[in-house]
Amino acid sequence: MIVKLLRRVFRRGESPVSSASAVIPLARHGIHREHVSSGARRTCETLQKAGFKAYVVGGAVRDLIAGIEPKDYDIATDATPEQVRSLFRRSRIIGRRFQIVHVMQGGETLEVSTFRAAHDADTAKDAHGRVLRDNVFGSMAEDAARRDFTVNALYYDPTRETVIDYHHGVADLKQKTLRMIGEPRARYREDPVRMLRAVRLSAKLGLALDPALRAPIREMATLMENVPAARLFDEMLKLLFSGHAVECLKRLRDDGLHHGLLPLLDVILEQPLGEKFVMLSLASTDARVKAGKSVSPGYLFATLLWHEVLANWELRKARGEVSIPALYEAMDEVLDIQAEKLAITRRIAGDIKDIWALQPRFEKRAGKAPYRLLELPRFRAGFDFLVLRAESGELDHELADWWLDFQNADPERREAMLVPDSGPKKRRRRSRAKKPFDGNASVAADD
Ligand code: ATP
Ligand code: MG
């Protein structure tokens, strides 16, 4: 305990990293204090009035300089979490290993972190060099050095309207280059997720990857295997819901990074049949994110993995398994494979299965079945999924069109639209689903 404390105090005094920083004036960075959210401004002011350093840091500064509205604001300070907590009535300390403080200002939540120290020989790492703990307070220069990319190590002071730049991040941003702080190989070993972050941020900001940052990715991609699944899942969600998923995947493919980086990416990028379907789905997700509409992970993952399910289902049917039970088996097997590497939460897995299980039920257009389907809470997601299948050429559009009409029709017309069970089916199937679905279809996912 005492050793730790001494080390902490000691570290505060001497900095093993260069503390040379540039102060960038307003004329060069262009961020007026009014551009910053009022909550972030007030939080910095309160901390500064109490004698502490306080800056808006990271993605928000980067985005503001690039002319993008920040999603949220992080604040970095030399005040300890307890000191921060005592200055804001509406605040709470979160996290056990490295505490940060959530400060509530109006409807905003600001994440306030105390400057962290750079890693050194004492830092706990796994056998591959991945940093396990990152929880020692440090100087501002150290805090800058432990961030990933130069454009992410910018500190904006809303009072003085200056940006403190330790690693030439402003110049890199203006030159549209994503550059790693420090030696890229070492930084990927510390945290392999930085490879995915590099791709995502370069797509979001339209930055070129600096060759030194890009070169080691292909050979180091296997390090991703040691990253805890829950963390990978979070990063995948960030990538897929960045509003730039299509561009991210294009960059991954162009860089030859899609092999082995993540099993899900292999699935997404290497399925010839499903590619159109997946790309349509990602493009519509991008459009929804950009328009500020809600997006559901369950729906997106259902689309990303659908052709895996179809292929697995076909195999089972070819082996003589009964259609609907075979579909359920296929769904479970595909999800199990993904879950091993990607911690798809149980809730999301449930959403995914609901959407898949609804698909055969759209084939039933006789009797009470279509009315029951219409009443299900998941109908809308299932229907959107059906439309996407039609748009990708997997199904004839006629079925999706029928369901669109049926939803909008009055009761009389609905009755007239019903397709008699025994009669010849109007829809034309493509080779994927040759057999009509059996009666079990109507008991699928009725909850
Ligand atoms: P966005 O919020 O647009 O997704 P971001 O860069 O703000 O991007 P966050 O995950 O919010 O990403 O991280 C905030 C900041 O924390 C980053 O700008 C960076 O300075 C630092 N950071 C995040 N992840 C890492 C990492 N893996 N290694 C080093 N620094 C990191
Ligand atoms: Mg952020």
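Atoms within a ligand are numbered from 1 in the order they appear, just like the ligands themselves. Note that these values count all heavy atoms, side chains included, but never hydrogens, waters or copies made by symmetry.
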Identity and separation of the nearest protein heavy atom to [atom]:
| atom | value |
| --- | --- |
| atom 1 (P) of ligand 1 | Lys71 NZ, 3.3 Å |
| atom 19 (C) of ligand 1 | Asp148 OD1, 3.6 Å |
| atom 28 (N) of ligand 1 | Arg194 NE, 2.8 Å |

Item to complete: Specify side chain, backbone, both or neither for Asp191, according to which of its non-hydrogen atoms lie closer than 4.0 Å to ligand 1.
Response: side chain

Practice prompt. Would you kindly specify which portion of Arg231 sits under 4.0 Å from ligand 1, judged on non-hydrogen atoms: side chain, backbone, both or neither?
Written response: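 Under 4.0 Å from ligand 1, Arg231 contributes side-chain atoms alone.
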
Quick one: are the ring centres of [X] and [Y] less than 6.0 Å apart?
| X | Y | answer |
| --- | --- | --- |
| Phe385 | Trp306 | yes |
| Phe149 | His167 | no |
| Phe52 | Phe115 | no |

Worksheet item: Just distances here: any N/O of Leu201 and N/O of ligand 1 closer than 3.5 Å?
Response: no

Worksheet item: Is the shortest N/O to N/O distance between Asp72 and ligand 1 below 3.5 Å?
Response: no

Does atom [atom1] ([X]) have a neighbourhood of more than 12 heavy atoms from anything else shown, all under 6.0 Å?
| X | atom1 | result |
| --- | --- | --- |
| Lys174 | NZ | yes |
| Lys293 | NZ | no |
| Glu69 | CD | no |
| His35 | NE2 | yes |

Fill in: Lys238, Arg147, Glu235, Arg200: member with heavy atom nearest to atom 4 (O) of ligand 1
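It is Arg200 that holds the nearest heavy atom.
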
Worksheet entry | Met195, Arg62, Arg187, Arg197: member with heavy atom nearest to atom 17 (C) of ligand 1 |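 Looking at heavy atoms only, the winner is Arg197.
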
Fill in: Under 3.5 Å: donor-acceptor pair, side chain of Asp157, backbone of Glu161
no

With atoms numbered from 1 as shown, which atoms in ligand 1 lie under 4.0 angstrom from a non-hydrogen atom of [X]?
| X | value |
| --- | --- |
| Arg146 | 29 (C), 30 (N) |
| Lys204 | 3 (O) |
| Gly58 | 18 (O) |
| Asp74 | 14 (C) |

Discussion item. Between Thr159 and Gln48, do the side chains contain a donor N or O and an acceptor N or O under 3.5 Å apart?
Written reply: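 The answer is yes; a qualifying pair exists.
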
Worksheet item: Touching ligand 1 at all, Val193? Heavy atoms, strictly under 4.0 Å?
Response: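 Val193 does not count as a contact of ligand 1 under the 4.0 Å cut-off.
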
